[in-house]
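The structure appears below as structure tokens.
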Amino acid sequence: MPELPEVETVRDGLDRLVVGAVVRDVEVFREYSVRRHDGGPGSFRDQLAGRRLSAAVRRGKFLWLPLEEAATVQPVQPVQPEPVEAYPAAALLAHLGMSGQLLVRGAVLSGEQTPTAVLGDEPGRATAADDWRHPHLRVRLHLTGAPSGARYLDFVDQRTFGHLSVQDLVHDHVPTRGSATPPSAVPAGHGSDLPLLPEPVAHIARDLLDPNLDLDDLVRRVRRRRTQVKRALLDQTVLSGVGNIYADEALWRARVHWARQTDKLRVADVRRVLDSAAEVMREALAQGGTSFDELYVNVNGQSGYFDRSLAVYGRENEECRRCGALVRRDAFMNRSSFSCPVCQPAPRTRTP
DNA sequence: CATGTTTCCTGTCTGC
DNA sequence: TGCAGACAGGAAACAT
């Protein structure tokens with residue numbers, strides 16, 4: 001799945017290849033993929049055409065490109081009063097769901113940039129400025145004026161849990177510790193202290209790679225909850241960016257069972273779980289830049305390039321890399337939890 | 001209000 | 001060989 005490290009890799013690629021480009025046209029092949037856009041495909045197209053993609057920003061697994069009016073390519077529409085804010089008032093918001101990809105086509109890559117390592121394009125088709133349409137192509141943005149020469153930004157999504165929309169930028173609904181603070185990847189030169197987020201992201205908590213995350217506060221908020229620790233890890237309003245895979249990996253590293261109650265965990269345990277989650281995601285991100293090119297596109301149910309490094313996820317009845325016990329799998333929230341029965345002893349009262 | 005459960009979707013895999 | 005059912009999962013929507 002594209003989790004935080006994968007989304008960050010994509011964000012970085014968009015930053016280098018499509019930021020600065022102007023959207024010339026939009027094709028929506030699957031209406032469902034823009035279901036969260038208010039107004040439908042026609043409105044989606046209208047709100048993008050003629051706008052410049054001015055930055056690439058991420059929080060958790062949400063990714064967005066703030067929009068600016070393009071001075072050169074003005075769409076034919078009535079003149080509207082300019083917003084006073086210097087920061088863009090709207091953004092193209094993307095969530096990759098579990099199988100979404102953003103593929104840049106036609107970019108001329110320079111130097112060290114490996115074509116296929118940038119945005120998960122397919123080997124052999126990576127550099128060509130072709131019009132080839134992926135079987136799961138849902139939305140295509142036609143670009144012009146990209147410094148990289150990128151012609152298309154393709155949204156490809158097999159299982160269609162991902163989505164695109166144009167959203168107003170609003171102030172953070174859940175500022176950490178009282179004061180409004182900026183999102184994690186605020187573009188340079190855009191007033192980095194302006195805490196503007198797409199509306200659907202405004203209630204999403206900061207992620208573990210956010211330099212402005214208050215870790216002590218997060219520990220307190222986790223322990224204040226009365227639920228299983230893994231539920232807390234997956235809760236958007238507590239912490240963003242952690243999915244089922246990295247939750248299991250973090251808990252294994254921290255030697256904490258997924259069903260432990262948050263309000264009974266010690267501060268040191270919670271801190272260790274969070275540190276482990278940050279660590280495993282940083283490692284995945286580090287690998288994401290290099291070795292995933294031939295595998296990253298294969299997000300059809302497998303975790304892809306990071307597979308080899310996984311300690312427990314998807315390894316039912318295989319040996320724990322630490323103690324050799326057989327990894328167990330439990331049903332959890334209509335999915336699975338993987339854990340080591342020895343390293344991560346289950347709490348007494350709750351026995352699934 | 002806080003927490004738990006269901007639902008959306010498509011392609012692959014398993015078992016009968 | 002076919003085909004129903006299980007499975008994968010983020011997060012909104014709904015339920016308790």
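The chains referred to below are lettered A, B, ... by the order of the sequence lines, with proteins before strands, and numbering in each begins at 1.
Under the 3.5 Å distance criterion, with hydrogens and angles disregarded, no donor-acceptor pair is assigned to the side chains of A:Arg225 and A:Thr262. A donor and an acceptor atom, one from each side chain of A:Glu27 and A:His142, are located under 3.5 Å apart.
A straight line from CZ of A:Arg223 to P of B:dT3 spans 15 Å, rounded to a whole angstrom. With rounding to whole Å, A:Glu316 atom CD is found 10 Å from C:dA8 atom P. One atom, CG of A:Asp157, and another, C1' of C:dA11, lie 14 Å apart when rounded to the nearest Å. Rounded to whole Å, the distance from NE2 on A:His203 to P on C:dA11 is 9 Å. As rounded to whole Å, 17 Å separates atom P of B:dC9 from atom NE2 of A:His95. Here the P atom of nucleotide B:dT5 and the CZ atom of A:Arg335 are 12 Å apart, to the nearest Å. Atom CG of A:Asp38 is separated from atom C1' of C:dA12 by 15 Å (rounded to the nearest Å). When rounded to the nearest whole Å, the span between CG of A:Asp235 and C1' of B:dA2 equals 10 Å.
In this model, a side-chain donor or acceptor of A:Arg159 finds a partner on the base of C:dA8 within 3.5 Å.
Among the atoms of the strands shown, base atoms are found under 4.0 Å from some heavy atom of A:Asn334. As judged by a 4.0 angstrom heavy-atom cut-off over every strand, A:Arg226 is placed among residues touching the sugar-phosphate backbone only. Heavy atoms of A:Phe62 sit under 4.0 angstrom from primed sugar atoms or phosphate atoms, though from no base atom.
Remark: A:Thr227 is in phosphate contact with B:dG4, judged by side-chain N or O atoms under 4.0 Å from OP1 or OP2. The side chain of A:His163 contributes no N or O atom lying less than 4.0 Å from OP1 or OP2 of C:dA11. Taking side-chain N and O atoms only, A:Ser99 has no distance below 4.0 Å to OP1 or OP2 of C:dA8. A close approach under 4.0 Å does occur between a side-chain nitrogen or oxygen of A:Arg30 and OP1 or OP2 of B:dT10.
Projected onto DNA chain B by closest heavy-atom contact, A:Thr160 and A:Arg224 fall at different nucleotides, the more 5' of which corresponds to A:Arg224. If you find the closest nucleotide of DNA chain B to A:Met333 and to A:Arg138, the one lying nearer the 5' end belongs to A:Met333.
When the nucleotides C:dA8, B:dC8, B:dG4 are ranked by their closest atom to the side chain of A:Arg231, B:dG4 comes out on top. Of all nucleotides listed (C:dG10, C:dA12, B:dG11), B:dG11 comes nearest to the side chain of A:Gln158. With distances taken from any side-chain atom of A:Lys61 to the nucleotides C:dA12, C:dA8, C:dG10, the minimum falls on C:dG10. Minimum atom distance to the side chain of A:Arg225 is reached by B:dT3, of the listed C:dC7, C:dA12, B:dT3.
A salt bridge does not link A:Asp157 to A:Arg30: none of the charged nitrogens lies less than 4.0 Å from a carboxylate oxygen. By the 4.0 Å N-to-carboxylate-O rule, A:Asp275 lies too far from A:Arg271 to be salt-bridged with it. Using a 4.0 Å cut-off between charged nitrogen and carboxylate oxygen, A:Asp25 and A:Arg45 count as a salt-bridge pair. Here A:Glu316 does not pair with A:Arg328 in a salt bridge; the nearest charged N to carboxylate O distance is not below 4.0 Å.
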